[in-house]
Amino acid sequence: MAQKVLMTGNEAIARGVWEAGVRFAAAYPGTPSTEILENLATYQDIDAQWSPNEKVALEAALGAAIAGGRAFASMKHVGLNVAADPFFTVAYSGTNAGLVIVTADEPGQHSSQNEQDNRNYARHAKVPMLEPADSQECKEMVKKAFEMSEEYSCPVLVRVTTRVCHSKSLVELCDRVEKPIVPYVKDAKRYVDVPANARIRRQEVEKHMDALKVVSNNSAELNPIENNGKDVGVIASGMCFNYAKEVFENNANYLKIALSFPIPTERIADFCKGLKKVYVFEENDEFIEEAVKIAGFGGICFGKYAPDGSRYLPYCGELTSDVIRQVVTGEKFVPADFDRTKIVARPPALCAGCPHRGLFYELGKRKNVVVSGDIGCYTLAFAAPYNAMDFNCCMGASISSGNGAQKIFNQIPGNDKRVVSVLGDSTFFHSGITSLLDVVYNKGNNITVILDNRITGMTGHQQNPGTGFTAQGDETTIVDLEGIVRAVGIKNIKVIDPNDLKAVNEALDWALGLDEASVIITKYPCVLKKFSNLDKEQYPDAYKSRCTVDADKCIGCKACLRCGCPAISVVNKKAVIDHTMCVGCTVCKQICPKKAID
């Protein structure tokens with residue numbers, strides 16, 4: 001009997017990649033996709049790597065596939081924006097061995113700056129796409145995607161969502177199929193994407209898409225129909241299919257769409273014939289719903305819109321069984337009965353001892369400063385008590401958007417506003433380097449602060465070019481952050497300990513006093529950091545002590561609370577420090593006006 005194991009969707013994807021005989025995998029961490037590469041790194045048959053960004057990850061996977069080895073890349077939904085350049089072009093050239101890309105979309109925006117639906121990427125790039133609904137399907141569809149990629153000489157996109165990535169279900173394990181490396185044959189007309197070659201390859205794209213339309217419309221395996229003899233139909237994809245089954249059970253016929261691009265319009269039409277009502281459940285856009293209407297069944301279709309054009313299902317957020325039940329049956333979800341007045345709000349906060357805390361405490365007090373933020377733990381600095389971030393957009397944008405803002409402020413007579421761009425070390429490697437080049441080349445005078453906490457913190461401590469370790473735990477070259485900054489042309493550089501508030505203030509004063517670009521690097525390891533042996537040599541006393549309040553000296557002024565440390569509270573009008581949380585960063589000690597903390 002085959003072994004069955006409880007796995008998350010991400011673990012199952014990694015297992016499917018391994019079973020498919022993949023030799024190379026690359027990714028950039030991002031929720032909800034991060035654990036895919038983390039699990040792949042445990043398989044010794046696969047060369048698994050963290051790349052500086054998603055574009056590099058896909059390009060590396062492309063190169064591996066052209067060289068003849070099955071290759072894989074994964075990223076969260078906004079990561080495919082970064083990788084869109086190679087993604088659209090590899091749809092034309094195709095590859096030598098199989099190439100599969102996973103995009104992990106996030107309905108509900110639990111940890112993302114937007115809620116885009118990456119099924120649209122498949123349509124616009126003309127790349128076939130699969131949508132698994134549970135962990136077993138995650139494993140099997142990844143394997144199917146590699147077969148499809150090689151049969152039709154094109155990349156394949158696999159779209160998963162948060163609940164598919166993180167929910168667990170049983171997965172039947174299989175052995176790895178060793179795929180021999182496909183011999184590489186030079187073929188410039190295919191792989192060199194100059195216009196003359198690309199125009200010819202464009203025709204090939206249409207040919208394999210036509211062939212895949214036939215597969216999509218006729219595949220009972222990938223787009224199965226469940227006929228329960230009802231006059232009500234449900235069409236759904238991904239996790240929405242499971243949600244719909246919870247609500248309708250056997251009281252509807254089902255069309256489950258897993259090969260969602262090319263969309264199976266003919267199969268949809270055959271399914272809808274004879275039905276009185278058809279429900280379409282999908283996250284987030286009207287991707288399948290449009291196909292139902294194109295097939296001529298808009299008059300019985302209930303999806304994001306009702307047949308009369310009015311709003312039916314919510315236009316955003318997760319389409320859970322509770323949401324579906326309330327919309328379809330009018331049965332409202334009733335939560336457990338409890339006293340809601342006793343719920344204490346717990347917004348996300350920087351960890352106790354976070355090395356970003358000192359910088360934002362001081363930065364938030366500067367009245368003439370506009371802070372251009374970025375994507376990372378430090379994004380939390382926008383909130384109280386710091387209020388030290390004015391705007392942010394996407395990975396690496398802090399420097400480039402900060403440069404643009406400073407250019408405008410410089411044009412206002414008598415204006416003294418200065419822009420401080422803030423980003424982490426991993427984000428700087430991701431896409432901040434080119435933004436800093438923009439500042440140097442265009443003679444900008446904004447200030448950049450690189451928060452080097454020696455790890456990729458927000459997504460759970462993944463390695464990056466500055467940590468000294470690869471994804472698979474091997475020691476490697478530590479990229480010199482200060483050397484890169486100097487190499488792109490920045491002359492004014494300071495490296496400081498962000499837990500030293502005096503040093504933070506002096507560095508900010510120094511940078512604000514310059515009329516040309518400057519970079520401050522705050523260098524101190526994340527309090528939760530693993531693989532920190534290299535940092536122990538540089539910071540032998542890091543996070544070894546604890547802070548204590550002298551109740552006799554404490555006057556209850558609450559100044560220490562302004563550093564936002566979750567280890568500090570006030571009891572009976574006196575500050576108290578929780579020693580199970582405190583790590584002795586001493587920021588609160590430096591803030592206390594009465595020297596009551598030691």
Side-chain angles (χ1 to χ4, degrees), residues 344-365 376-381 383-388 424-425 449 451-458 460-461 467-468 495-507 521-598:
V344 178
R346 294 189 65 188
L350 297 176
C351 300
C354 174
H356 304 331
R357 190 181 309 283
L359 172 82
F360 288 115
Y361 170 76
E362 295 297 344
L363 200 54
K365 296 191 295 183
C377 302
Y378 44 84
T379 310
L380 296 172
Y386 314 107
N387 302 307
D425 51 328
V449 181
L451 306 167
D452 182 10
N453 63 354
R454 324 296 294 147
I455 202 72
T456 307
M458 181 175 65
H461 291 172
T467 66
V495 181
I496 62 169
D497 175 352
N499 290 329
D500 183 342
L501 299 188
K502 183 173 181 289
V504 170
N505 269 314
E506 288 176 351
I521 301 173
T522 66
K523 196 170 184 178
Y524 207 82
C526 172
V527 66
L528 303 177
K529 188 177 182 296
K530 58 184 178 180
F531 288 121
S532 56
N533 290 334
L534 296 176
D535 290 317
K536 286 177 181 176
E537 298 175 9
Q538 189 171 0
Y539 307 98
D541 299 319
Y543 305 127
K544 286 187 176 180
S545 59
R546 299 289 184 272
C547 289
T548 301
V549 178
D550 185 334
D552 292 334
K553 293 182 180 179
C554 177
I555 61 172
C557 67
K558 300 182 181 179
C560 54
L561 296 182
R562 294 186 201 128
C563 73
C565 180
I568 307 173
S569 58
V570 174
V571 179
N572 297 326
K573 298 183 180 181
K574 299 284 186 178
V576 175
I577 295 176
D578 184 346
H579 281 193
T580 64
M581 299 173 69
C582 176
V583 294
C585 71
T586 76
V587 169
C588 61
K589 176 177 181 285
Q590 297 169 69
I591 292 172
C592 180
K594 295 299 181 180
K595 308 298 182 186
I597 299 175
D598 207 353

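- For the pair Thr522 and Asp452, the minimum side-chain heavy-atom distance is 4.5 Å or more.
- Rounding to the nearest 0.5 Å gives a distance of 5.5 Å between NE2 of His356 and SG of Cys377.
- Applying the side-chain hydrogen bond (donor to acceptor under 3.5 Å, both in side chains) criterion to Asp500, with sequence neighbours excluded, gives no partner residue.
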Task: Stepwise side-chain contact (heavy atoms from CB on, under 4.5 Å) test for Leu501 and Tyr361 - done: CA-CA 9 Å; Leu501 299 188; Tyr361 170 76; 4.1 Å; yes

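- The minimum heavy-atom distance linking Ala352 with Ala567 is given by the pair CB-CB, 4.1 Å.
- Taking the ring-ring contact (aromatic ring centres under 6.0 Å, His included) definition, one finds that Phe360 meets it with nothing, sequence neighbours left out.
- To the nearest 0.5 Å, the span separating SG on Cys588 from CD1 on Ile568 amounts to 4.0 Å.
- Between atom CG of residue Leu451 and atom NZ of residue Lys523 there is a gap of 13.5 Å, rounded to the nearest 0.5 Å.
- Heavy-atom minimum distance, Leu380 versus Leu350: CD1-N, 3.9 Å.
- Gln590 places a side-chain N or O within 3.5 Å of a backbone atom of Asn499 that can act as its donor or acceptor partner.
- For Thr456, the side-chain hydrogen bond (donor to acceptor under 3.5 Å, both in side chains) criterion is met by Ser426, Asn464, not counting sequence neighbours.
- Checked against side-chain hydrogen bond (donor to acceptor under 3.5 Å, both in side chains), Thr379 has no partners two or more places apart in sequence or in another chain.
- Under a 3.5 Å cut-off, the side chain of Arg546 and the backbone N or O of Gly584 do not form any donor-acceptor pair.
- Atom CG in Asp425 sits 8.5 Å away from atom OG1 in Thr467 (nearest 0.5 Å).
- To the nearest 0.5 Å, atoms NZ (Lys589) and NZ (Lys595) are separated by 7.0 Å.
- In terms of heavy atoms, Cys351 sits closest to Val527 at CB-CG1, 4.1 Å.
- Atom CG of Leu528 and atom SG of Cys354 lie 8.5 Å apart (nearest 0.5 Å).
- Applying the salt bridge (charged side-chain N to carboxylate O under 4.0 Å, His left out) rule to pairs touching residues 353-364 yields Glu362-Lys365, sequence neighbours excluded.
- Under the 4.5 Å side-chain criterion, counting only non-hydrogen atoms from C-beta, Val570 is not in contact with Val576.
- Using a distance-only test at 3.5 Å, with no hydrogens or angles considered, a donor-acceptor pair links the side chain of Tyr386 to the main chain of Cys563.
- Between Cys526 and Arg454, every side-chain heavy-atom pair lies at or beyond the 4.5 Å cut-off.
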Donor-acceptor pairs under 3.5 angstrom involving side-chain atoms of residues 547-560: please list them, not counting sequence neighbours.
| residue | atom | partner | partner atom | Å |
| --- | --- | --- | --- | --- |
| Thr548 | OG1 | His579 | NE2 | 3.2 |
| Asp550 | OD1 | Asp552 | N | 3.0 |

